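For reference, the structure is listed below as structure tokens.
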Amino acid sequence: MQAIAETIFDAFYLGTALVLGVLMLVRGRIPLVKKAGAMTVLLGAGDAFHLVPRCYALWTTGLEQNAAALGLGKWITSITMTVFYLILYYIWRDRYEIRGRMPLTITMWGLALLRIALCFLPQNDWFAYRQPLFYGILRNIPFAVMGVLILVLFAAEIRRSHDKIFRFLPLAVALSFGFYLPVVLFSGVLPVIGVLMIPKTLAYVWIVLMCWHLHRTTLSNTQTA
């Protein structure tokens, strides 16, 4: 039952992200929508490196016997999700016509590069079935700070501009981290907590649907102009 349920859910998630992302990339009329499309494709493609081997493992010899493939996928996903938030930062700049703020941009890039560098440390032991908790926490500290910054930045501009399209984006980001961090901290001793990855993934689908709404709105405005 787990294999069936996860495969159906993962197929829905990856299909939604990749199809909507490609459509936004190809049909987007403005650079903002194309950035959203690129971000969405990256989300789907990056998670596929982890979810496809996971589905394969569930249908065959089990997760532990496929630890190397799962670890490689988790490693790639950790990097692509970092880039996801970096693109989201530039979507924030474009959406609200932000100029300057070089220290903030340097901070976001610094956090992203630090996170990626930490992901490359051999001590992460990516190819083992259970990775060291300390390095799991360490590499997620700059990632969590990126998430908090994105949440705060969007919330401030949404309040100022009354942006209806992205009005729930801070909540979606908060939920994604709220469901993800317990998995990082406790899944090693309580594997069942891994089920929180499902609502965490749905939070990202919510962000994708907001970007799709942006695309549809700009497309409609262009056609009626």
Side-chain angles (χ1 to χ4, degrees), residues 9-48 51 77 79-102 104-105 107-109 111-112 143-180 197-225:
F9 178 80
D10 292 344
F12 159 75
Y13 162 58
L14 295 176
T16 299
L18 291 171
V19 170
L20 295 186
V22 169
L23 288 174
M24 284 188 280
L25 265 176
V26 173
R27 298 182 181 178
R29 299 292 181 87
I30 59 175
L32 174 60
V33 171
K34 291 189 178 293
K35 281 189 180 72
M39 181 184 74
T40 302
V41 169
L42 182 69
L43 174 69
D47 278 357
L51 295 179
T77 299
I79 295 170
T80 57
M81 284 307 305
T82 307
V83 180
F84 173 92
Y85 276 98
L86 199 55
I87 297 175
L88 191 54
Y89 168 71
Y90 282 97
I91 288 175
W92 169 78
R93 291 184 66 92
D94 284 4
R95 177 64 173 171
Y96 306 109
E97 299 180 347
I98 306 298
R99 300 292 179 264
R101 301 202 190 183
M102 186 59 67
L104 178 59
T105 300
T107 299
M108 289 297 293
W109 273 94
L111 289 168
F143 186 54
V145 175
M146 289 180 73
V148 170
L149 284 175
I150 288 293
L151 189 159
V152 171
L153 292 171
F154 267 95
E157 291 300 325
I158 289 166
R159 191 181 307 112
R160 182 187 62 80
S161 63
H162 305 289
D163 186 352
K164 293 184 178 180
I165 291 177
F166 285 131
R167 66 186 181 276
F168 293 121
L169 190 139
L171 175 60
V173 171
L175 288 174
S176 70
F177 277 94
F179 291 123
Y180 174 62
M197 294 299 283
I198 294 177
K200 171 254 186 186
T201 301
L202 290 174
Y204 283 113
V205 172
W206 195 8
I207 294 173
V208 168
L209 292 178
M210 292 179 212
C211 292
W212 181 251
H213 185 199
L214 171 69
H215 166 57
R216 298 298 300 171
T217 300
T218 57
L219 197 63
S220 175
N221 291 342
T222 302
Q223 292 172 345
T224 57

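Residue numbers start at 1 and run along the sequence shown. The model shown is predicted, which means the values in this text are computed figures rather than measured ones.
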- Message: Looking at R167 and K164, would you say the former's side chain and the latter's main chain have a donor-acceptor pair under 3.5 Å?
- Response: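 Yes, the answer is positive, given that a donor and an acceptor are paired below the 3.5 Å cut-off.
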For [X], side chain to side chain contact (heavy atoms under 4.5 Å, CB included) partners two or more places apart:
| X | answer |
| --- | --- |
| L42 | T80, V83, I87 |
| V145 | L111, L149 |
| A172 | W206, I207, M210 |

According to salt bridge (charged side-chain N to carboxylate O under 4.0 Å, His left out), who are the partners of [X], at least two apart in sequence or on a separate chain?
| X | answer |
| --- | --- |
| K200 | none |
| R93 | none |
| R99 | none |

- Y89 and T105: side-chain donor and acceptor closer than 3.5 Å?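 A pair is found: one side chain offers a donor N or O, the other an acceptor, under 3.5 Å apart.
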Find the distance between [atom1] ([X]) and [atom2] ([Y]) and round it off to the nearest 0.5 Å.
| X | Y | atom1 | atom2 | result |
| --- | --- | --- | --- | --- |
| K34 | I30 | NZ | CD1 | 10.0 Å |
| I165 | C211 | CD1 | SG | 10.0 Å |
| L209 | Y204 | CG | OH | 15.0 Å |
| L32 | D94 | CG | CG | 5.5 Å |
| F84 | I150 | CZ | CD1 | 9.0 Å |
| F179 | L175 | CZ | CG | 5.5 Å |

Students often mix this up, so state it plainly: with edges at 30° and 60°, are the rings of [X] and [Y] parallel, tilted or perpendicular?
| X | Y | answer |
| --- | --- | --- |
| F154 | Y96 | perpendicular |
| H215 | W212 | tilted |
| F143 | F177 | tilted |

What are the two closest non-hydrogen atoms of [X] and [Y], and how far apart are they?
| X | Y | answer |
| --- | --- | --- |
| A17 | T40 | O-CG2, 3.1 Å |
| L18 | A45 | CD2-N, 3.7 Å |
| I158 | P170 | CD1-CD, 3.6 Å |

Is any side-chain heavy atom of [X] closer than 4.5 Å to a side-chain heavy atom of [Y]?
| X | Y | result |
| --- | --- | --- |
| L202 | Y13 | no |
| T201 | F9 | yes |
| I98 | L153 | no |

- Message: Quick one, F166 with L214, criterion side-chain contact (heavy atoms from CB on, under 4.5 Å). Give me CA distance, side-chain angles, the key distance, then yes/no.
- Response: CA-CA 8 Å; F166 285 131; L214 171 69; 4.0 Å; yes
- Message: Walk me through whether M81 and L43 qualify under side-chain contact (heavy atoms from CB on, under 4.5 Å).
- Response: CA-CA 7 Å; M81 284 307 305; L43 174 69; 3.5 Å; yes
- Message: As a quick check of understanding, evaluate side-chain contact (heavy atoms from CB on, under 4.5 Å) for D163 and E157, giving each step before the final call.
- Response: CA-CA 8 Å; D163 186 352; E157 291 300 325; over 6 Å; no
